[in-house]
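Below you'll find the structure, written out as structure tokens, and then a few comments.
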Amino acid sequence: MQQIVLLVCGGMHPPSYTEHVLRTIAEDETLSTISRVVYAAPSAYGLEILSPFALRQGIEASLAVPAKEGTAPVLVIWAFSAGCVGAMALAAHWQRHRGPVLALFMVDGWGVPRDPAVPTYRLSHDYTTHCTSRWLGAGDTDFYADPAVSHLEFWQQLSTASGWAVGPGKGRQRLSAANFLCQRSREAIALYQSQRDSLNINSP
């Protein structure tokens, strides 16, 4: 059975800014139980978050992942700001050559295009960022804070940033950014497990 990894990839900021994110995951009974959390903590220069190769090495070093296809873990990725650059490239590579990427959440990933092969969700700290980010590919469902918060406050206080989840052909849903991340992550994992179980039952 392939392990489920929740990769957290912050931006170019002090590691302490991600403490609330990690605490949010730890307090979610489902995510903390069925997934292994890997935090791509930035170095003094923080440049490795721009490199999918460095992120991949970090996952493999943390989990001792074999290089061959079919044995690598299944990924859910939470990325923020500049971290979305490396995360998007890693997700595209992983989906094609390693294993499934169940969901990529780009939090304020303004200017980072999405890969249509990767299930993607965009979260924005205000409505303007929400609208302009979607020019490079809207997410399957997106979130924007309302009332708006600052860029860095958004990542540091996801549970207090309230807003709207919106998607094609769907009504708006009012919730916090933390709830959006956790709910959609749980849904993606549950769908994967259901499909995997169905294949196992039907296989000879």
Side-chain angles (χ1 to χ4, degrees), residues 4-11 21 24-25 28 30-31 34-35 52 74-96 98-151 153-155 157-199:
I4 298 172
V5 167
L6 201 168
L7 174 66
V8 178
C9 184
V21 177
T24 296
I25 297 170
D28 186 285
T30 300
L31 297 181
I34 64 176
S35 66
V74 175
L75 296 186
V76 175
I77 305 174
W78 293 12
F80 171 64
S81 192
C84 295
V85 175
M88 181 73 261
L90 171 71
H93 168 83
W94 203 273
Q95 185 87 312
R96 288 169 172 78
R98 293 301 182 91
V101 176
L102 306 184
L104 166 64
F105 296 89
M106 294 201 292
V107 182
D108 266 357
W110 192 90
V112 180
R114 73 163 291 183
D115 184 324
V118 177
T120 303
Y121 304 80
R122 290 188 184 272
L123 294 88
S124 302
H125 74 275
D126 63 11
Y127 184 68
T128 299
T129 304
H130 164 73
C131 293
T132 55
S133 293
R134 290 159 63 89
W135 294 343
L136 295 174
D140 297 340
T141 305
D142 293 330
F143 172 94
Y144 64 90
D146 180 22
V149 297
S150 71
H151 173 67
E153 180 186 355
F154 193 34
W155 185 243
Q157 299 294 334
L158 291 168
S159 62
T160 60
S162 296
W164 299 99
V166 295
K170 303 174 184 177
R172 297 195 305 172
Q173 179 189 8
R174 183 77 178 176
L175 73 174
S176 71
N179 284 337
F180 179 89
L181 283 161
C182 291
Q183 285 182 15
R184 267 60 184 188
S185 295
R186 291 194 300 264
E187 290 169 1
I189 292 172
L191 178 60
Y192 166 74
Q193 291 178 322
S194 175
Q195 293 173 339
R196 182 196 60 197
D197 292 344
S198 177
L199 288 174

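All values below were derived from every heavy atom in this structure, side-chain atoms included, with hydrogens, water molecules and symmetry-related copies excluded.
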For the residue pair [X] and [Y], establish whether any side-chain heavy-atom pair is separated by less than 4.5 Å.
{"X": "Ser150", "Y": "His125", "answer": "no"}
{"X": "Cys182", "Y": "Asn179", "answer": "no"}
{"X": "Thr141", "Y": "Val166", "answer": "no"}
{"X": "Ile77", "Y": "Trp94", "answer": "no"}
{"X": "Ile25", "Y": "Val8", "answer": "yes"}

Quick note, side chain to side chain donor-acceptor pair (under 3.5 Å) partners involving residues 79-90, not counting sequence neighbours, are Ser81-His151
Set of side chain to side chain contact (heavy atoms under 4.5 Å, CB included) partners for [X], sequence neighbours left out:
{"X": "Gln193", "result": "Ile4, Ile34, Ile189, Arg196"}
{"X": "Ser159", "result": "His20, Ala178"}
{"X": "Val112", "result": "Cys84, Val85, Met88, Met106"}

Contacts of type side chain to side chain donor-acceptor pair (under 3.5 Å), residue [X], not counting sequence neighbours:
{"X": "Thr24", "value": "none"}
{"X": "Ser185", "value": "Trp78"}
{"X": "Glu153", "value": "none"}
{"X": "Thr30", "value": "none"}

For Arg172, the salt bridge (Lys or Arg N to Asp or Glu O under 4.0 Å) test, sequence neighbours excluded, returns none
Note to self: Suppose we screen for salt bridge (Lys or Arg N to Asp or Glu O under 4.0 Å). Which residues come up paired with Arg186, at least two apart in sequence or across chains?
What the structure shows: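 Arg186 satisfies salt bridge (Lys or Arg N to Asp or Glu O under 4.0 Å) with Asp28 only.
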Shortest non-hydrogen contact between [X] and [Y], atoms and distance:
{"X": "Asp126", "Y": "Tyr144", "result": "O-CB, 3.9 Å"}
{"X": "Gly10", "Y": "Trp155", "result": "CA-CZ2, 4.1 Å"}
{"X": "Pro119", "Y": "Gln95", "result": "CD-NE2, 3.8 Å"}
{"X": "Val74", "Y": "Tyr192", "result": "CG2-OH, 3.4 Å"}

Fill in: Atom pair CG (Asp142) and OG (Ser124), whose distance is rounded to the nearest 0.5 Å
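The OG atom of Ser124 is 7.0 Å from CG of Asp142, to the nearest 0.5 Å.
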Please list all pairs meeting salt bridge (charged side-chain N to carboxylate O under 4.0 Å, His left out) that have one or both residues in residues 101-125, counting only residues at least two apart or in different chains.
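Listed by first then second residue: Arg96-Asp115, Arg114-Asp140.
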Is there a donor-acceptor pair closer than 3.5 Å between any side-chain N or O of [X] and the backbone N or O of [Y]?
{"X": "Thr132", "Y": "Thr128", "value": "yes"}
{"X": "Thr160", "Y": "Gln157", "value": "yes"}
{"X": "Ser35", "Y": "Leu31", "value": "yes"}
{"X": "Thr120", "Y": "Val118", "value": "yes"}
{"X": "Gln173", "Y": "Trp164", "value": "no"}

Practice task
Go through the steps for Phe154 and Leu123 under the test side-chain contact (heavy atoms from CB on, under 4.5 Å), then give the verdict.
Solution key: CA-CA 9 Å; Phe154 193 34; Leu123 294 88; 4.1 Å; yes
- Message: For Phe143, give me all partners under ring pair (Phe, Tyr, Trp, His ring centres under 6.0 Å), at least two apart in sequence or on another chain.
- Response: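 If we apply the ring pair (Phe, Tyr, Trp, His ring centres under 6.0 Å) test to Phe143, skipping adjacent residues, the hits are Phe180.
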